[in-house]
Amino acid sequence: QDGQIKTAFLFPGQGAQQVGMMADLVQASASAREIFHRADEQLGYSLSQICFNGPADRLDTTEISQPAMFVCSVAAWEAMKEALGDNAPEATVCAGLSLGEYTALHVAGAIDFASALDLVCKRGKFMQESAQSNAGGMVSIIGLEEQKVRELCSAAAEGEVLIPANFNCPGQIVISGTANACKRAIELAPQFGASAAIALKVAGAFHSSLMAEAAKKLSEVIEKVNFNAPKIPVIANVDASPYQDAKSIKDKLIRQMTEPVLWEQSMRRLLDEGVEKFYEIGPGKVLAGLMRRINRQIKVESINSADALAKLAGQAA
């Protein structure tokens, strides 16, 4: 592997979904069609129809958007391998944002497709249930460094849960907590110098202690799942370092439910280790946008449509 360009595959998380995603890819790619077919069979409902045709409010539920994002990203990866054959890029490392970490683990050979799909469905269901029993939310704070965000959280919490939950990129940290604490944070944010505070369209306070019940349910399910050691390194959200073995995967995926996602730190680690090529595989361009804020020099190729794939095939030829 010496002399090979270090290449990272990045997989998006919940929030990047939109109606119509991957519809063109499925027409262009037998491998992508096959993935959707397998998912629909396993789930007993047509996830593909919800992805391609909506309705949006159903696609946006935690319970549906998590398996949807996983299946769409896997379909895009399979379509890329099919379209490019021997010219397909090969990952030297993988990472995924929150839910995307499950996709990364599948692509790295740590978990098979059916088991991963089952797990992300249950994860979505448990998170939705936790959100319904604990009213919470998430707010994206724009223009503040970590220290200021922590000060904002302690000022707005008033004894309730409110923590930094996603370190996305410089000047964009998502906080997570009770519904009232989130509301107070939005009101207080300008006083701390934030340029904006945007309530996210999510069901609850993800990556905070309000997800403890969901984490407990997930840990009971994940115990029975068979993980292998990844064939290529996968960077974990909770500590921005690669998984060492199969056992650590279970521990860190449980911790990920209630602990912050260290995305910016994960990307800086990859850059420090000399990764030069980045592919965002799956719907949207969220991770490409975050990378622009982390390091303007780095271009992330988005594999999110038949057009994107054709362009990539043209470059590889």
Side-chain angles (χ1 to χ4, degrees), residues 4-18 21-22 69-70 72-74 76-77 80 84 88-108 138 140-146 149 164-175 195-196 198 200 206-207 232-243 256 260-305 307-309 311-312 315-316:
Q4 185 191 359
I5 290 177
K6 289 188 177 179
T7 302
F9 286 0
L10 310 179
F11 300 96
Q14 197 183 338
Q17 72 278 355
Q18 56 192 37
M21 59 185 181
M22 299 299 155
M69 285 298 297
F70 169 74
C72 283
S73 291
V74 173
W77 174 60
M80 178 174 79
L84 297 175
E90 281 187 38
T92 37
V93 63
C94 291
L97 181 72
S98 189
L99 167 86
E101 193 164 313
Y102 289 76
T103 323
L105 286 163
H106 167 62
V107 167
M138 299 178 83
S140 183
I141 304 294
I142 309 294
L144 292 188
E145 289 311 307
E146 180 179 342
V149 172
N166 287 62
F167 294 91
N168 286 337
C169 64
Q172 188 192 340
I173 297 174
V174 177
I175 61 175
S195 53
I198 304 146
L200 300 186
F206 302 153
H207 307 295
I232 48 175
V234 176
I235 305 295
N237 286 179
V238 291
D239 57 8
S241 54
Y243 284 108
Q256 194 220 64
V261 170
L262 307 180
W263 188 253
E264 181 185 340
Q265 295 87 329
S266 299
M267 293 305 99
R268 290 198 187 282
R269 179 181 185 125
L270 296 181
L271 293 167
D272 288 347
E273 287 176 0
V275 175
E276 289 173 55
K277 295 223 45 111
F278 290 83
Y279 294 88
E280 176 174 7
I281 303 177
K285 288 190 173 178
V286 172
L287 304 179
L290 297 182
M291 183 60 89
R292 267 199 305 279
R293 305 277 300 277
I294 294 167
N295 184 328
R296 292 206 74 84
Q297 266 60 61
I298 301 291
K299 189 181 178 313
V300 177
E301 293 267 3
S302 299
I303 310 297
N304 55 11
S305 66
D307 282 354
L309 212 50
K311 201 179 99 186
L312 192 64
Q315 291 165 8

With distance as the sole test, does Asp239 use its side chain to make a donor-acceptor pair with the main-chain N or O of Ser241 at under 3.5 Å? yes
Non-hydrogen side-chain atoms of Cys94 and Val234 separated by less than 4.5 Å: yes
Which heavy-atom pair separates Ala88 from Met80 by the least distance, and what is that distance? CB-O, 4.2 Å
Non-neighbouring partners of Asp307 that pass salt bridge (Lys or Arg N to Asp or Glu O under 4.0 Å), sequence neighbours left out: none
Where Glu264 and Cys169 come nearest, the two heavy atoms and their spacing: OE1-C, 3.2 Å
Roughly how far, to the nearest 0.5 Å, is OG of Ser305 from CE of Met21? 13.5 Å
Working to the nearest 0.5 Å, report the span between CD1 of Ile142 and CG of Asn168. 8.5 Å
Judged by atom type as modelled, is there a donor-acceptor pair below 3.5 Å linking the side chain of Thr7 to the main-chain atoms of Thr92? no
Closest heavy-atom pair, Ala76 versus Gly282, reported as atoms and distance to 0.1 Å, is CB-N, 4.1 Å
Atom pair CZ/NE2 of Phe70 and His106 - distance to nearest 0.5 Å: 5.0 Å
Return the minimal non-hydrogen interatomic distance between Met22 and Pro283, and the atom names on each side. CE-N, 3.6 Å
Between the main-chain N or O of Ile198 and the side-chain N or O of Ser140, is there a donor-acceptor pair closer than 3.5 Å? no
Please report the shortest heavy-atom distance between Pro12 and Leu10, naming the atom on each side. CD-O, 4.1 Å
Taking the side chain as everything from C-beta on, heavy atoms only, tell me whether Gln14 gets closer than 4.5 Å to Ser98. no
Residues Val174 and Met138: closest non-hydrogen pair is CG1-CE, 3.7 Å
Counting C-beta onward and ignoring hydrogens, is there a side-chain heavy-atom pair between Thr103 and Phe9 closer than 4.5 Å? no
Can you tell me how far the CZ atom of Phe11 sits from the OH atom of Tyr102, to the nearest 0.5 Å? 15.5 Å
Between Leu309 and Ile303, is there a side-chain heavy-atom distance shorter than 4.5 Å? yes
Got a donor-acceptor contact below 3.5 angstrom from the Gln256 side chain to the Asn237 backbone? no
As an exercise, state the distance from CG of Leu99 to CZ of Phe206, rounded to the nearest 0.5 Å. 10.5 Å
Worked verdict on Leu287 versus Val300 for side-chain contact (heavy atoms from CB on, under 4.5 Å): CA-CA 8 Å; Leu287 304 179; Val300 177; 5.7 Å; no
Residue pairs involving residues 273-288 (criterion side chain to side chain donor-acceptor pair (under 3.5 Å); sequence neighbours excluded): Arg269-Glu273
4.5 Å side-chain heavy-atom contact, Ile294 and Leu271: yes
When rounded to the nearest 0.5 Å, the distance separating SG of Cys72 from CD1 of Ile281 is 13.5 Å
Are the side chains of Leu290 and Met267 in touch, meaning some heavy atoms are under 4.5 Å apart? no
Would the distance check show the side chain of Asn166 and the main-chain N or O of Val261 forming a donor-acceptor pair, the cut-off being under 3.5 Å? no
Side-chain heavy-atom pair Tyr243, Leu105 within 4.5 angstrom cut-off: yes
Any heavy-atom pair between the side chains of Ile175 and Val149 that's under 4.5 Å? yes
